[in-house]
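These values consider heavy atoms only, across backbone and side chains, with no hydrogens, waters or symmetry-generated copies. Note that the coordinates shown come from a computational prediction; the quantities given were computed from them, not determined experimentally.
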Amino acid sequence: TPSALPDGNYSITAVATDTTGNASAEAVPQNIIIDVVKDGVPVISSASLTTDTTPTISGTAEVGSVVKVTLGSGSNTSTWNVTATDGTWSIDTSTTATSTTGSGYTIATNGTNAVSVTATDAAGNVSAAGTQTLTIDSTAPTVAITDDTGGTSAVNGDITFTFTFSEAISDFLAEDITVANGTKGAFSQTSSTVYTLIVTPDANSTSAVTVDVAQDKATDAAGNNNTAAPQATQAVDTAAPTTPTIAAITTPDNDSTPTITVTAENGSTVKVYANGDLLGTATNTSGTTHTLTPSALPDGNYSITAVATD
């Protein structure tokens, strides 16, 4: 038994010498290879984050080595064996595993999976394991649309809509948002999941502003595209009320506090003026009828007008 030989190729021969010193012919050489150095750690080069629920795992290892790819850990694992013929290897996890322990490993299709890879060379040396945490994300991000109006009442000014995604996304732009009966204004990103858009309702309109985000407008880190958002609707009233009409007032009139009756949009606020000066706000007595009895007016000529605000 010789001292330890370094890795390499050896031609082993032998010569026998008898007690009188006669030497035999050299034995037929035996060529051997010494290989006690373990292979380098195999490399897993396939992505560690994917949407594929039956991913292909691939990488590199010593040329000709047998690569053992194991999914899972503990008592339940699945292992695939493959030869790194040209120094590369890959396994398809949708195929039947070469061997299993326990009940085998079930891939977490929305979660993390432990991957371990070793390589065994022709001499039987087994490398240290290369490892990876393989994350599979097959869930599409969702998005909810809300606004800052705080209720269902009609508004007549700018509306800030907020778009909240269920997870961090990218590639979401103002042009990915569809707005009806309004005009897009400033668009901004406040976090990896939240975006805002200011919308100005159309002028002189009572048509509700609607906001939509269709599917496939934003993408999460794994590559899943979003689902369509439920439509957001906000009631709007930017239309001026109809011009009020003032009932005839007796003139000349010896009553310095004549009751002024105005017909105007139901629910509107009616202000009454005399020669451009505010007399007061009329009381909505019923439906579209509003009345005002002013403080005593001095003798004179008056032009009575009214303005209604809804």
Could you tell me the separation between the [atom1] atom of [X] and the [atom2] atom of [Y], rounded to the nearest 0.5 Å?
X: Gln234; Y: Asn181; atom1: CD; atom2: CG; answer: 12.0 Å
X: Ile136; Y: Thr109; atom1: CD1; atom2: OG1; answer: 7.0 Å
X: Leu297; Y: Tyr302; atom1: CG; atom2: OH; answer: 5.0 Å

Polar contact flag, side-chain donor to acceptor under 3.5 angstrom, [X]-[Y]:
X: Asp158; Y: Thr200; answer: yes
X: Thr227; Y: Thr142; answer: no
X: Asn266; Y: Ser268; answer: no
X: Asp121; Y: Ser65; answer: no
X: Asn225; Y: Thr219; answer: yes
X: Thr251; Y: Asp253; answer: no
X: Ser103; Y: Asn76; answer: yes
X: Thr238; Y: Asn204; answer: no

Return yes if some donor-acceptor pair links the side-chain N/O of [X] with the main-chain N/O of [Y] below 3.5 Å, else return no.
X: Asp202; Y: Ser205; answer: no
X: Trp89; Y: Thr60; answer: yes
X: Ser127; Y: Ala119; answer: yes
X: Lys217; Y: Ile177; answer: no
X: Thr120; Y: Val126; answer: no

Could you please spell out the steps behind the side chain to side chain donor-acceptor pair (under 3.5 Å) verdict for Thr50 and Asp52?
-> CA-CA 5 Å; Thr50 181; Asp52 189 351; 5.2 Å; no
Name the one of Thr77, Thr70, Thr93, Asn113 that satisfies side-chain hydrogen bond (donor to acceptor under 3.5 Å, both in side chains) with Tyr105?
->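 When side-chain hydrogen bond (donor to acceptor under 3.5 Å, both in side chains) is applied between Tyr105 and each of Thr77, Thr70, Thr93, Asn113, only Asn113 qualifies.
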Passing option when Ile260 is tested against Leu279, Val270, Thr293, Thr291 for side chain to side chain contact (heavy atoms under 4.5 Å, CB included) |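 That would be Leu279.
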Could you tell me how the ring of Phe187 sits relative to the ring of Tyr195: parallel (under 30°), tilted (30 to 60°) or perpendicular (over 60°)?
->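 Rings of Phe187 and Tyr195: parallel, under 30°.
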Working for side chain to side chain donor-acceptor pair (under 3.5 Å), residues Ser90 and Asp92 = CA-CA 7 Å; Ser90 69; Asp92 181 352; over 6 Å; no
Would you find more than 12 non-hydrogen atoms of other residues, nucleotides or ligands less than 6.0 Å from Asn22 atom CG?
->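 Yes - once you tally the heavy atoms of other residues, nucleotides and ligands closer than 6.0 Å, there are more than 12.
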